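The block underneath contains the structure these notes are about, expressed in structure tokens.
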There are 2 protein chains.
Amino acid sequence: MSDIQARIDNMRIKMKERGCRITPQRLAILAILAESKGHPSVEGIYERVKANFPTTSIATVYKTVSVLKELGEVLELEFSHDHNRYDGARPYPHPHLICTKCGKILDPAWSRFEDMTERLASDTGFKITTHRLEFFGVCPECQNGE
Amino acid sequence: MSDIQARIDNMRIKMKERGCRITPQRLAILAILAESKGHPSVEGIYERVKANFPTTSIATVYKTVSVLKELGEVLELEFSHDHNRYDGARPYPHPHLICTKCGKILDPAWSRFEDMTERLASDTGFKITTHRLEFFGVCPECQNGE
DNA sequence: TTATTTTTTGATAATTATTCTCCATAACGA
DNA sequence: TCGTTATGGAGAATAATTATCAAAAAATAA
């Protein structure tokens, strides 16, 4: 079974356990999020769902993403000046590399920051639950004016 | 001269150079941002400015903060589900420690991530311009139910 | 100083992403 | 299959932020 299929199944099970019904629209949303190389926005997910389910409302996408967020099955990247973006393939905190020109978001293949987090916790008394690390810059394509 | 006064003067000079006029309201905003231990929101700045200038509009605060952001004299912490928060004392990217219960934001005394950034740039071809690193957790006060 | 020009202020309207409302419909356990 | 109950969809509501614009204040010129 592919990683993507495994992610879809995992999300499905988590939603079921919570008492959610798996509708075709939701399944489509899960699939898009699990594939999500591009870290889509709700708007972007909505556009892709509509290809198969033309009557879908954007509210449905918001509601499904919200449940997944609550379940820890999707990572939300917050942008107060733009649509939030979502990572359903790797829902745990990890670094992101964001092109400030085209909005592309990449996942550099790096490990987490356990030791850093631990030291910070013992220094400050905080119980650290999560973190967010994002690098911003201009991608090679945008540097070449493509 | 105190660090805070130096920050105020620096912001003032940068705004002057850009052709901005330093009004009493703006000076009050600069002072609040330079002191900003608590990483205030626009709303919070507005409340404090109103103590001295009761007729101030929140739009004035938004506009001033926007100019400072453009000049790189204030760091914006983005929260898509809440007011953004601002750091005028240390306007360069640095880690933040955020209590998810009370909203307190601390600056742990850590250095930047130059080496990390450099490696990432050479790995991906991105021209890295800035980064964002935020740790979330529950502060000691909130753990004790205060 | 006074007149003139330009920017800023402040009140409010507009915008935009997101959330809510509500009922017909669909999912799913019995 | 049936009955219960969550969901879907359309549009209204919300909330943070931004835009508008006339009046006031600051800079500049005379």
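Owing to the predicted nature of the structure, the values given are computational and were not obtained by experimental measurement. Throughout, protein chains are lettered first and strands after them, A, B, ... in sequence-line order, and every chain is numbered starting at 1.
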Would you confirm whether [X], through its side chain, and [Y], through its main-chain N or O, come within 3.5 Å as a donor-acceptor pair?
X	Y	answer
B:Ser57	B:Ala59	yes
B:Thr64	B:Thr60	yes
A:Arg7	A:Leu33	no
A:Gln143	B:Gly125	yes
B:Thr124	B:Leu120	yes

Practice prompt. Please name all residues satisfying ring-ring contact (aromatic ring centres under 6.0 Å, His included) with A:Phe135, sequence neighbours left out, ordered by chain then number.
Written response: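 With neighbours one apart ignored, the set is B:His131.
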
Worksheet, complete the sentence: For nucleotides 25-30 of chain C, 5' to 3', base contacts (B), sugar-phosphate-only contacts (S) and non-contacts (-) with protein non-hydrogen atoms under 4.0 Å give -BBS--

Discussion item. Each nucleotide in nucleotides 18-24 of chain D should get exactly one letter: B, S or -. Can you fill that in based on protein heavy atoms under 4.0 Å?
Written reply: BBB----

Rounded to whole angstrom units, what separation is found between the [atom1] atom of [X] and the [atom2] atom of [N]?
X	N	atom1	atom2	answer
B:Asp82	C:dA17	CG	P	19 Å
A:His83	D:dA16	NE2	P	19 Å
A:Arg26	D:dT7	CZ	C1'	6 Å
B:Glu70	D:dT17	CD	P	18 Å
B:Lys50	C:dT9	NZ	P	16 Å
B:Phe79	C:dT18	CZ	P	16 Å
A:Tyr46	C:dT18	OH	P	14 Å
B:Glu47	D:dA16	CD	C1'	15 Å

With side chains defined as the heavy atoms from C-beta onward, is the minimum distance between [X] and [Y] less than 4.5 Å?
X	Y	value
A:Asn84	B:His81	yes
A:Pro24	A:Phe53	yes
B:Asp87	B:Leu77	no
A:Tyr46	A:Ile29	no

Worksheet entry | Heavy-atom closest pair, residues B:Cys20 and B:Arg26 |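 Closest approach of B:Cys20 to B:Arg26, heavy atoms only: CB-NH1, 3.8 Å.
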
Discussion item. List the residues meeting side chain to side chain contact (heavy atoms under 4.5 Å, CB included) with A:Ser2, not counting sequence neighbours, and say none if there are none.
Written reply: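 A:Ser2 satisfies side chain to side chain contact (heavy atoms under 4.5 Å, CB included) with A:Ile4, A:Gln5 only.
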
Worksheet entry | Below 4.0 Å: OP1/OP2 of C:dA17 and any side-chain N or O of A:Asn84 |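 Checking A:Asn84 against C:dA17: no side-chain N or O falls below 4.0 Å of OP1 or OP2.
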
Discussion item. Does a side-chain N or O of A:Arg18 approach OP1 or OP2 of D:dA6 to a distance below 4.0 Å, or not?
Written reply: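 So the side chain of A:Arg18 is outside the cut-off, no N or O lying under 4.0 Å from OP1 or OP2 of D:dA6.
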
Discussion item. Side chain of A:Thr60 only, heavy atoms from C-beta on: which candidate in C:dA17, D:dG9, C:dG10 is closest?
Written reply: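 Selected nucleotide (nearest to the side chain): D:dG9.
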
Item to complete: With a 4.0 Å heavy-atom cut-off, tell me which residues in residues 36-43 of chain A come close to DNA chain D, sorted by residue number.
Response: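 None, since no heavy atom is under 4.0 Å.
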
Worksheet item: Got a salt bridge between A:Glu70 and A:Lys14, using NZ or NE/NH1/NH2 to carboxylate O under 4.0 Å?
Response: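 Here A:Glu70 does not pair with A:Lys14 in a salt bridge, since their nearest N and O are not under 4.0 Å apart.
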
Discussion item. Once you measure the plane-to-plane angle for B:His96 and B:His39, does it fall in the parallel (<30°), tilted (30-60°) or perpendicular (>60°) bin?
Written reply: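 It falls in the perpendicular class, over 60°.
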
Worksheet item: For the helix from C:dT1-D:dA30 to C:dA30-D:dT1, how many degrees between its two end axes (five pairs per end), to the nearest 10°?
Response: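 The end axes of the helix from C:dT1-D:dA30 to C:dA30-D:dT1 are about 40° apart, to the nearest 10°.
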
